[in-house]
Amino acid sequence: MIVWLNGTHGAGKTTTSALVQQLIPDSRVFDAEKVGETLMDISPGLPATDNFQHWPPWRPLVVETAKRVLDYTGGTLVMPMTVLVEEYWREISDGLAQHAIPVRHFVIHADQDTLYARIAGDHAIPSPFRLNYLEPYAQAARAWLHAEAGVIDTTHLTPSQSAQQIAEALGN
């Protein structure tokens, strides 16, 4: 099984995923961003983009990597990864379904003020990359994302409380 933690940059996906992994027996964290980083290391580089998710190879490589890891290890993969483009989410979730891999999709959500404060708190200068995704996240949340996943509103929760809610939703 895959437990996919979605949400915008700075929402707490990475922190929460490590805590969720501790609560689910026989689980591992797989950050699909590493697949994107591998593609970014290709030399000469792939066509210019502001987000590696726009490269067509990224999505099937995430599916194939997750499948291969699960074939090798079994258990559960906890995957913290922002996917705000519905077409990309469909490609990934359909690819996993073709391999009969069940996915539990959660959105780590917080209100815009909280997200901004978290992003600003990460560095002396808030990350423009992360800040640039606040509005696209809000649009995706309204258009499709919140209807597609279990929403964990972390505005007033600690990462441990968020992880516990996810584990409870999974029956752990």
Side-chain angles (χ1 to χ4, degrees), residues 1-41 51-110 114-115 118 122 130 133 136-137 140-141 144-172:
M1 174 174 67
I2 290 175
V3 177
W4 195 288
L5 303 185
N6 206 336
T8 194
H9 305 279
K13 296 178 305 298
T14 301
T15 301
T16 303
S17 68
L19 296 168
V20 169
Q21 184 274 325
Q22 294 172 15
L23 297 172
I24 300 174
D26 195 25
S27 66
R28 291 168 174 72
V29 174
F30 166 42
D31 189 343
E33 188 168 323
K34 302 301 182 190
V35 174
E37 290 172 4
T38 298
L39 292 174
M40 292 186 326
D41 285 343
N51 186 327
F52 57 71
Q53 292 186 16
H54 299 316
W55 287 326
W58 179 78
R59 299 172 303 276
L61 284 171
V62 166
V63 170
E64 187 64 22
T65 304
K67 177 196 176 305
R68 296 286 177 146
V69 171
L70 286 171
D71 285 349
Y72 181 62
T73 64
T76 298
L77 289 181
V78 180
M79 296 182 63
M81 187 69 218
T82 299
V83 179
L84 301 180
V85 177
E86 184 177 10
E87 175 186 344
Y88 297 172
W89 175 250
R90 296 277 172 245
E91 188 175 339
I92 291 166
S93 60
D94 289 351
L96 294 167
Q98 288 175 358
H99 294 296
I101 300 170
V103 177
R104 291 292 305 270
H105 187 194
F106 295 92
V107 173
I108 305 300
H109 174 78
T114 300
L115 288 169
R118 288 178 185 170
D122 283 346
R130 288 178 168 195
Y133 279 90
Y137 166 73
W144 69 276
L145 185 57
H146 282 196
E148 181 71 26
V151 178
I152 306 297
D153 188 338
T154 67
T155 302
H156 303 291
L157 298 178
T158 66
S160 293
Q161 291 168 325
S162 302
Q164 189 63 45
Q165 280 193 12
I166 292 165
E168 288 171 6
L170 296 168
N172 288 308

**Message:** Please give me the minimum heavy-atom distance between Ala110 and Asp153, naming the atom from each residue.
**Reply:** CA-OD1, 4.1 Å
**Asked** Is there side-chain contact between Ile166 and Leu170, with heavy atoms separated by less than 4.5 Å?
**Response** yes
**Request:** Quick one: pull up CD in Gln161 and OG1 in Thr154 and give me the separation to the nearest 0.5 Å.
**Result:** 10.5 Å
**Request:** Kindly determine whether Arg104 and Thr76 satisfy side-chain hydrogen bond (donor to acceptor under 3.5 Å, both in side chains), including the steps that lead there.
**Result:** CA-CA 10 Å; Arg104 291 292 305 270; Thr76 298; over 6 Å; no
**Prompt:** Donor-acceptor pair, Ser27 side chain versus Leu77 backbone, under 3.5 Å?
**Reply:** no
**Asked** Which heavy atom in Pro80 sits nearest to a heavy atom in Val29, and how many Å separate them?
**Response** CD-CG1, 4.0 Å
**Asked** side-chain contact (heavy atoms from CB on, under 4.5 Å) between Asp31 and Met81: does it pass, once the steps are laid out?
**Response** CA-CA 7 Å; Asp31 189 343; Met81 187 69 218; 4.1 Å; yes
**Message:** Contact between Trp58 and Leu39 at the side-chain level, heavy atoms closer than 4.5 Å - yes or no?
**Reply:** yes
**Asked** So, the side chain of Gln53 versus the backbone of Thr82: is there a donor-acceptor pair under 3.5 Å, distance only?
**Response** yes
**Prompt:** Just wondering, do Thr16 and Ile152 contact through their side chains at under 4.5 Å, heavy atoms?
**Reply:** no
**Message:** To the nearest 0.5 Å, what is the distance between CH2 on Trp4 and CG on Leu96?
**Reply:** 7.0 Å
**Prompt:** Under 4.5 Å between any side-chain heavy atoms of Ser93 and Val103, yes or no?
**Reply:** no
**Side-chain donor/acceptor of Arg118 to backbone N/O of Ala11, under 3.5 Å** = yes
**Message:** Just so I know, are the side chains of Leu145 and Trp89 near enough to count as touching, which here means a heavy-atom distance under 4.5 Å?
**Reply:** no
**Complete:** Nearest heavy-atom contact between Gly7 and Val107 is CA-CG1, 4.2 Å
**Request:** Give the intermediate values and the outcome of side-chain contact (heavy atoms from CB on, under 4.5 Å) for residues Phe30 and Val69.
**Result:** CA-CA 9 Å; Phe30 166 42; Val69 171; 5.7 Å; no
**Item:** For Tyr88, all residues meeting ring pair (Phe, Tyr, Trp, His ring centres under 6.0 Å), sequence neighbours excluded
**Value:** His54
**Asked** So, for Ile24 and Val3, which heavy atoms are closest and what is the spacing to 0.1 Å?
**Response** CD1-CG2, 4.2 Å
**Asked** For the atom pair NZ (Lys67) and NE2 (His99), what is the distance rounded to the nearest 0.5 Å?
**Response** 5.5 Å
**Prompt:** Under 4.5 Å between any side-chain heavy atoms of Asp26 and Arg28, yes or no?
**Reply:** yes
**Asked** Are any of the side-chain heavy atoms of Leu61 and Trp55 separated by less than 4.5 Å?
**Response** no
**Asked** Taking the inter-plane angle between the rings of His105 and Trp144 on a 0 to 90° scale, is it parallel (under 30°), tilted (30 to 60°) or perpendicular (over 60°)?
**Response** tilted
**Asked** Between Val78 and Phe106, does a side-chain contact (heavy atoms from CB on, under 4.5 Å) hold up when you go through it step by step?
**Response** CA-CA 11 Å; Val78 180; Phe106 295 92; over 6 Å; no
**Item:** Enclosure of Glu87 CD (heavy-atom neighbours >12, cutoff 6.0 Å)
**Value:** no
**Prompt:** Which atom names give the shortest non-hydrogen contact between Pro102 and Ala100, and what distance separates them?
**Reply:** CD-O, 3.3 Å
**Message:** Can you tell me how far apart CG (Leu5) and OG1 (Thr15) are? Round to the nearest 0.5 Å.
**Reply:** 11.0 Å
**Request:** On the 0 to 90° scale, with breaks at 30° and 60°, tag the His9-Tyr133 ring pair as parallel, tilted or perpendicular.
**Result:** perpendicular
**Request:** Kindly compute the distance separating CD1 (Ile108) from CD (Gln165), expressed to the nearest 0.5 Å.
**Result:** 9.0 Å
**Message:** Holding to salt bridge (charged side-chain N to carboxylate O under 4.0 Å, His left out), I want the full list of residues that pass it with Arg90, two or more places apart in sequence or in another chain.
**Reply:** Glu86, Glu148
**Request:** Ignoring hydrogens and angles, tell me if any N or O in the side chain of Lys13 forms a donor-acceptor pair with the backbone of Met79 under 3.5 Å.
**Result:** no
**Item:** Side-chain touch Leu70/Ile2, heavy atoms, less than 4.5 angstrom
**Value:** yes
